[in-house]
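Report on the following structure.
All values below were derived from every heavy atom in this structure, side-chain atoms included, with hydrogens, water molecules and symmetry-related copies excluded.
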Amino acid sequence: MPPELGRYMPRLEYVDLCHNRLRGELPASLYNLSSLRVLDVGENALRGSIPADIHVKLPRLSYLGLFENQFSGAIPSSVSNLTALEELELSWNGFSGFVPRDLGRLKLLWNLQLDGNMLEAGRTSGGWEFIDSLANCSKLKVLALGYNNFTGDLPVSVANLSTTLHNLYLYNLGISGSIPSGIGNLIGLKVLYLVNTSISGVIPESIGKLENLTELHLDSNALSGLIPSSFGNLTKLIKLSARNNNLEGSIPPSLGKLSGLISLDFSWNYFNGSIPKEVFQLLSLSLILDLSHNSLSGPLPSEVGSLANLNVLSLSGNHLSGQIPTTIRNCIVLEVLLLDSNSFQGSIPQPLGDMKGLRIVNLTMNKFSGVIPDALGSIHNLQQLYLAYNSLSGPIPADLQNLTALSNLDVSFNDLQGEVPKDGVFRNLSYLWIAGNKHLCGGMPQLRLDPCSIPALGKSNAIRLKSVRIYLATAGSLLFIALLVTTILLIRRRPKQRQKRKPLAPVTEEQYERVSYQELLDGTKGFSENNLLGKGSYGTVYKCNFINEGTITAVKVFNPEQSGSTRSFLAECKALRRVRHRCLIRIITCCSSIDRQGQEFKALVFEFMPNGSLDCWLHPKYNMPTVTNITPSLTQRLDIAVDIVDALDYLHNHCQPPIVHCDLKPSNILLAEDMSARVGDFGISRILCESASKTHQNSNSTMGIRGSIGYVAPEYGEGCAVSTLGDIYSLGILLLEIFTGRSPTDDLFKDALDLHKFCEDAFPDRILEIVDPALWTHSDTNDDGITRSRVQECLLSVIGIGLSCSKHQPKERMPIRDAAVEMRSIRDEAYLMFAGSLAVDMEGEGEAKNCE
């Protein structure tokens, strides 16, 4: 800004330079304009501080707007002497220190916005006095304090603010305590944000006195108890949200009085009972109705069809049952329908095909049976369809391949039969999306399904097919009896031989002793160094060859002298015996015995991963000459990332009760022959109780820090108990490591610099400077038809997920469900982008030697 700006205009009253690209400091001449009434320089790149004598220099100032710049330093107490000041907007700068305690002197002040700074206040340090003082500002309408270093209990004096207050913003603060019972005194409130704090206790009944409220946001706190019946008095509400708390009891029918409500979000709480019909009679609901992740039960009321204007309906993660009412067809503008992880049953209703606006449908993890309706093929806007983990049968409707917008389709783990279509979304369909359907055939070659030897029969051939089945069953039975008699006769004539040990069987509950110590000793050749695969905190892993079966496995032998090894053995057994997922390491059997020295011997037998751990591919060691120049390509890293996120999503959201891994890192990610990933080492995992699975763990833990340095969530170091959010932090760090090639314990990271900040500082403009240079050695990032900008777009998306998952505050981290959906989308788009070069790259890397 030119220094002469204020020099030649001594009587200037109004300066508005908002929303430009100005930088540097405000010229001193500007502060000498004693006639200045309005100074607005918001949304620039200006820096500097507010002069301590601003009340002397600009005595007539009524508006001071410095928002969204780089100003710093303290807010001088002299601001309180600007007696003509009506508006003070200092949001989103770097101001620090205490807020001036005497702001109440500003009798004309009606707009005070201080959010997005580093201002301080605390229980012991003080700094809250300004709230008491603001009670004297009788014209105050807007107060924004979010995103500051405010801690301690929320002052009760908040309830003493002016009755003219319209907007109160308290979000992303470290404040605790409870909502003051006197909150009902603020009868002029129209918008109240109390979001992402540590506020606890019940919602006071007096909140029902705020009859002018149009928006009430109470998300991500620690509120508990019931929803007050007085909510029914808030008849002017347009938006109501209290997601991610500990609220319980039933949803009050009195909400049906809120006839102007367009958005209702009570997700991630403990509400139980049925959904009151009154909620579905709120004809004004148009944005969202989200009651997901509670304990709601009973059927979905037929009144759901009354929500003709609703865009998003999310009821995921409850205990809802019965059939989906056909009246849902009346939700004619519905775009997102999320009913996954419930107990809905019966068939998927044909009327869904009448809802032409649907973009996303998720019916995963229910009890649906019957066929997939052909009518779904007429929803031309459909982009994502998830039907996994049901009991669906019959063929995949061929009409789905005509949906040009469809990008994600998951029908895995059903009982589907017949030929997989080959066009549309099926051209790029991964096997993972159809896995668990044993009777599917055909499809694109990359699905590796058996060819369809017999064409699918139409309805007219149903009787003939039934006759053929009866004939084959009869003939098969006779043939089986004949073979059985012949076998018995042959056995009686053969000399007795020593009986071989039964093949290895998967471990089941409380049945550990399935393989002997001697067999493991022989299979590892005396646990020799030549068969050593790796060492961990509680034991050593060996390659084991069971000669009798020709089976190669990995054996983890626990060190009995290491404290906690027995607990780790039992924890791993307990966790792995209850999980079944393609992206989790499969436990084959266990051994609990005595070794030759008479000491306790415990071991786990796992499937063998010929490509070793992800760690040795990201950070090849100097003593591994065969792999020092081999690193995963971008597409391989995306596949690995999707596998890891899917595994974590399964552990957190599809296991009952949920399982927290507690030690997610590259050395615990194992790679199969096709480079698909398996999450392993559940030695310090934790199975959460029902309450812990939905609470963000505010209680202290007696278990200490769980995890490895660099990957362990910061809240564990503060005494917080284990939660799924700790795993999400580790996942975020792991994703950043996969795509930057830098370990969080790299020598580069010292003092305040860590892997998260390293990536955050480069995001988004310098993202190509921090990615792993080895990525550019592969054909999928060097093809002539692929521009560097498209690769950059892909890397921006995946590193953005890593940054979102590894945020310091647990409640700010991306939910694992969202991370899973976004990672799959990024991976699928990358396959399309790299289609030409992928085949060449995979063929070349197939010749690489394995990293054991």
| query | Relative to the ring of F749, is the ring of F758 parallel (under 30°), tilted (30 to 60°) or perpendicular (over 60°)? | reply | perpendicular

| With a 3.5 Å cut-off and no angle check, do the side chains of S220 and N244 form a donor-acceptor pair? | yes

| said: For a quick check under 3.5 Å, do Y171 and D115 share a side-chain donor-acceptor pair by atom type? | reply: yes

| Candidate list L154, N172, L170, I175, test side chain to side chain contact (heavy atoms under 4.5 Å, CB included), partner T197, passing option | I175

| Can R11 and S35 be said to form a side-chain hydrogen bond (donor to acceptor under 3.5 Å, both in side chains), step by step? | CA-CA 6 Å; R11 299 195 312 193; S35 59; over 6 Å; no

| task | Could you tell me whether E25 and R47 make a salt bridge, using a distance below 4.0 angstrom between a side-chain N and a carboxylate O? | result | yes

| query | Okay, side chain of D761, backbone of C759: is any donor-acceptor separation there less than 3.5 Å? | reply | no

| field | Donor on one side chain, acceptor on other, K236 and N212, under 3.5 Å | value | yes

| task | Please check if the side chain of D16 supplies one atom and the backbone of C18 the other of a donor-acceptor pair under 3.5 Å. | result | yes

| Any sub-3.5 Å donor-acceptor pair from D219's side-chain atoms to R243's backbone N or O? | yes

| Does a sphere of radius 6.0 Å around NZ in K190 hold more than 12 heavy atoms from other residues, nucleotides or ligands, not counting ones at 6.0 Å or beyond? | no

| Which atom of P714 lies closest to which atom of R813, heavy atoms considered | CD-NH2, 3.7 Å

| query | Between the side chains of R101 and S133, is a donor N or O closer than 3.5 angstrom to an acceptor N or O? | reply | no

| Under 3.5 Å donor-acceptor, S178 side chain and V202 backbone | no

| Can you find a pair of side-chain heavy atoms, one from V142 and one from H166, that are under 4.5 Å apart? | no

| query | Would a 4.5 Å heavy-atom cut-off, applied to side chains only, mark L775 and V791 as touching? | reply | no

| note | Y711 and S730 have their tightest heavy-atom pair at O-OG, 2.6 Å

| message | Looking at S259, is its backbone amide N or carbonyl O close enough to the side chain of S284 to form a donor-acceptor pair, meaning the two atoms are under 3.5 Å apart? | response | yes

| query | Can you tell me if D153 and S176 form a side-chain donor-acceptor pair at under 3.5 Å? | reply | yes

| How long is the gap from CG on D727 to CD1 on I816, to the nearest 0.5 Å? | 8.5 Å

| Which atom names give the shortest non-hydrogen contact between I183 and P204, and what distance separates them? | CG2-CG, 4.0 Å

| ring pair (Phe, Tyr, Trp, His ring centres under 6.0 Å) partners for Y729, two or more places apart | none

| request: Could you tell me whether the side chain of N149 and the main chain of T151 form a donor-acceptor pair under 3.5 Å? | output: no

